[in-house]
Amino acid sequence: MKKITLLIIFLLPLLSFAQTPTPKPLDDDDVISVESRLITVPVSVLNATGQPLFGLKLEDFNLTEEGKIQQIEQVSEAEKVPLEIALLIDVSKSVNPIFDLEKNTAAKFLLNVMKPDDRASIFLIGEKAVIMQSRQTSEKSAEMVKTIQPTTYQTAFYDTILLAADYLKKNSPPKSRKIILTLSDGEDNWSSLTREAEIKYDKELRKNIDSLTRSKKLELYTKFKEQAKMKSQSSVLLSLQNADTVFYSLNPAGSSIQFNKISKAGQDAMQLFADQTGGTAFLPKFLPINLKEPSQNRFNAKYNEETLQNIFNQLANELRSQYLLQYYSDGEFINGKYVKLNVGLKNAKGLRVRARQGYFVEKK
C-alpha cells in the first residue's frame with residue numbers, strides 16, 4: 001500500500017532482519033495483521049576491486065520478500081545517513097600479542113571513517129559487559145580507545161554483544177546506520193547463559209554423582225555446553241536483528257584457530273553473526289612476533305601492521321558504500337516468523353552486493 005498515514009508510521013516498530021540459518025522464532029503464535037510495516041535494509045555495494053560504488057538510485061535495486069516483489073520507497077546513500085558504531089574490544093586474558101597495534105589501528109579507523117554527525121560507543125569484553133564510552137565523536141573515541149588496557153579476567157563475549165545491540169537500539173537516532181565492530185577471538189566462558197549451563201551441569205552431577213561414569217560426566221557436560229552455545233547464539237542473533245544492526249568482527253588469533261577447537265567455535269559464531277546480518281568476519285593471517293631472530297620479528301610486525309590496516313581500509317570502504325533501502329511490507333505473518341528477503345541490482349555485472357537476507361517479525 002503506497003499511502004500510509006503519519007500516525008501509523010509513528011506507531012509501528014522498526015523491524016529487524018537476518019540471513020538464514022535462523023535462531024528459534026518467538027513463542028507467540030499471534031498473526032501480525034496490519035496494513036503495513038516499515039522495513040529498513042542496509043546494503044553494501046562494491047566493485048570487483050573492493051571499492052565502494054556510489055550514485056546508485058532507487059531504480060537500480062530490486063527486492064523481494066518471501067519471493068514477492070516489493071516496491072522500494074526510498075534509497076539513502078551512506079554519506080547522507082548518520083553512522084552509529086559500537087566498538088567492542090576484548091580485554092580478557094585471551095587477548096593477543098598485537099593488542100596495542102590493534103587498538104591504535106582501530107583509533108585511526110574511527111578518525112578516518114566517521115563524519116561530524118557520526119557517533120561511536122565503546123564496550124569492553126571482559127568478566128562482565130561494560131560500556132566504557134557512550135556516543136562520542138571520532139576524536140574523543142579515538143583517544144579513549146588508545147587508553148584501553150588488557151586484563152586477566154574471563155570473557156563475557158555474548159553478554160557484551162547483547163548489551164551493545166540493546167544500547168544501539170535505544171540510543172541511536174532514527175534512520176541511522178548501526179554497526180557493531182568486535183575485536184575479539186569470539187571465545188566465551190563467562191556470559192550469563194554460559195554460566196547457567198555450568199550451574200545446570202553441576203546440579204545434575206551432584207544429583208547423580210554415584211551413578212555417573214567419567215565418560216557420562218563428559219557427555220553431560222558437552223550436552224549442556226552445546227545447549228548454552230545454541231541458546232546464546234540465538235539470543236545474540238535476535239538482539240542484533242531487532243536492533244537493525246550489522247555485525248563485523250576482526251579476529252586477532254588469525255589462522256591459528258585451526259589448531260584449537262574452542263577458538264574455531266568462537267570464529268564460527270562470529271562468522272554466523274556477520275553472515276546473518278550482512279556484515280563481515282575478518283580472519284587475517286598474522287605472523288609471529290616472538291621469534292628468536294629480531295630482524296624476522298621486525299619484518300613480521302611490519303607485515304601484521306599492513307595486514308591490519310588493509311582490513312580496516314576494506315571495512316571503511318564497505319561502510320562508505322552502504323545504502324539504506326526502505327519499503328512497506330503488507331504481509332501477514334506469525335509473530336516471530338523469519339521473513340526471507342533478497343536484494344539485488346538490475347545490472348549487477350562485476351558488482352558485489354551484501355545485505356541482510358531476512359528479518360524476524362516482532363510484535364511490540
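When a residue number appears, it is its place in the shown sequence, counting from 1.
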Walk me through it: do I85 and D118 pass the test side-chain contact (heavy atoms from CB on, under 4.5 Å)? CA-CA 8 Å; I85 300 176; D118 299 337; over 6 Å; no

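- Under the 4.5 Å side-chain criterion, counting only non-hydrogen atoms from C-beta, F360 is not in contact with V339.
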Run T182 and S184 through side-chain hydrogen bond (donor to acceptor under 3.5 Å, both in side chains) and show every step you take. CA-CA 6 Å; T182 301; S184 174; over 6 Å; no

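- With hydrophobic clusters built from ILVMFWY side chains whose heavy atoms lie under 4.5 angstrom apart, L101 does not share a cluster with L111.
- Taking CZ of R320 as the start and NZ of K115 as the end, the distance is 9.5 Å to the nearest 0.5 Å.
- Linking Ile, Leu, Val, Met, Phe, Trp and Tyr whenever their side-chain heavy atoms come within less than 4.5 Å puts L351 and L58 in one cluster.
- Membership of the apolar cluster around L324 extends to V81, as traced through chained side-chain contacts below 4.5 Å between ILVMFWY residues.
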For side-chain contact (heavy atoms from CB on, under 4.5 Å), just list the numbers for I89 and V145, CA-CA rounded to whole Å, side-chain angles, deciding distance to a tenth of an Å, and then say yes or no. CA-CA 9 Å; I89 300 182; V145 168; 4.0 Å; yes

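- In this structure, the separation between CG on N342 and CG on N62 is 7.5 Å, given to the nearest 0.5 Å.
- In this structure, the side chains of V246 and Q322 come closer than 4.5 Å at one or more pairs of heavy atoms.
- Between P284 and N251, the closest heavy-atom pair is CD-O, 3.4 Å.
- The minimum heavy-atom distance between K285 and Y303, with the atom names listed, is O-CE2, 3.4 Å.
- No more than 12 heavy atoms of other residues, nucleotides or ligands sit less than 6.0 Å from atom NZ of K57.
- By the 4.5 Å heavy-atom criterion applied to side chains, F273 and V236 are counted as neighbours.
- Taking 4.5 Å as the limit, every side-chain heavy atom of V91 sits out of range of all side-chain heavy atoms of I125.
- Residues Q326 and I39 fail the side-chain proximity criterion, which asks for heavy atoms closer than 4.5 Å.
- By the side chain to side chain contact (heavy atoms under 4.5 Å, CB included) test, E143 is found to be paired with K146, residues two or more places apart in sequence or in another chain being considered.
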Please step through side-chain hydrogen bond (donor to acceptor under 3.5 Å, both in side chains) for the pair N310 and Q314, ending with a clear verdict. CA-CA 6 Å; N310 288 337; Q314 181 181 338; over 6 Å; no

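- Residues L88 and L181 fail the side-chain proximity criterion, which asks for heavy atoms closer than 4.5 Å.
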Walk me through it: do F282 and L308 pass the test side-chain contact (heavy atoms from CB on, under 4.5 Å)? CA-CA 10 Å; F282 296 100; L308 199 57; over 6 Å; no

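- Residue D244 holds its CG atom at 11.0 Å from OG1 of T277, rounded to the nearest 0.5 Å.
- When atom types are taken as modelled, the side chain of N304 and the backbone of L287 share a donor-acceptor pair closer than 3.5 angstrom.
- Counting non-hydrogen atoms of other residues, nucleotides and ligands closer than 6.0 Å to NZ of K108 gives a total of 12 or fewer.
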Name every donor-acceptor pair, under 3.5 Å, that has one atom in a side chain of residues 156-164 and the other anywhere in the protein, sequence neighbours excluded.
residue, atom, partner, partner atom, Å
D159, OD1, S192, N, 3.3
D159, OD2, S192, N, 2.9
D159, OD2, S192, OG, 3.2
T160, OG1, A156, O, 2.7

Could you walk me through whether M114 and T137 satisfy the side-chain contact (heavy atoms from CB on, under 4.5 Å) test, starting with their C-alpha distance in whole Å, then the side-chain angles of each, then the deciding distance to 0.1 Å, before giving a yes or no? CA-CA 8 Å; M114 291 176 65; T137 61; 5.7 Å; no

side-chain hydrogen bond (donor to acceptor under 3.5 Å, both in side chains) evaluation trace for Q296 with N300: CA-CA 6 Å; Q296 186 64 49; N300 290 356; 2.9 Å; yes

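- Closest of all the heavy-atom pairs between Y327 and E65 is OH-OE2, 2.7 Å.
- Side-chain N or O atoms of D60 include none that pairs as donor or acceptor with a backbone N or O of L56 at under 3.5 Å.
- Take Q133 and apply the side chain to side chain contact (heavy atoms under 4.5 Å, CB included) test, not counting sequence neighbours, and it matches I122, Q136, S141, M144.
- For the pair A316 and N112, the tightest heavy-atom approach, listed with the atom from each and the gap, is CB-ND2, 4.1 Å.
- A search for side chain to side chain contact (heavy atoms under 4.5 Å, CB included) contacts involving A301 returns I289, not counting sequence neighbours.
- In terms of heavy atoms, Y248 sits closest to S44 at OH-OG, 4.3 Å.
- R177 and E84 are not joined by a salt bridge, as no carboxylate oxygen comes within less than 4.0 angstrom of a charged side-chain nitrogen.
- Taking the side chain as every heavy atom from C-beta outward, R135 and P173 approach each other to under 4.5 Å.
- Screening residues 54-73 for ring-ring contact (aromatic ring centres under 6.0 Å, His included) gives F61-Y323 as the qualifying pairs, with residues at least two apart or on separate chains.
- For the pair T147 and K103, the tightest heavy-atom approach, listed with the atom from each and the gap, is C-NZ, 4.3 Å.
- Contact check for R119 versus L83: no side-chain heavy atoms found under the 4.5 Å cut-off.
- Atoms CD and OH, from Q70 and Y328 in turn, are 13.0 Å apart once rounded to the nearest 0.5 Å.
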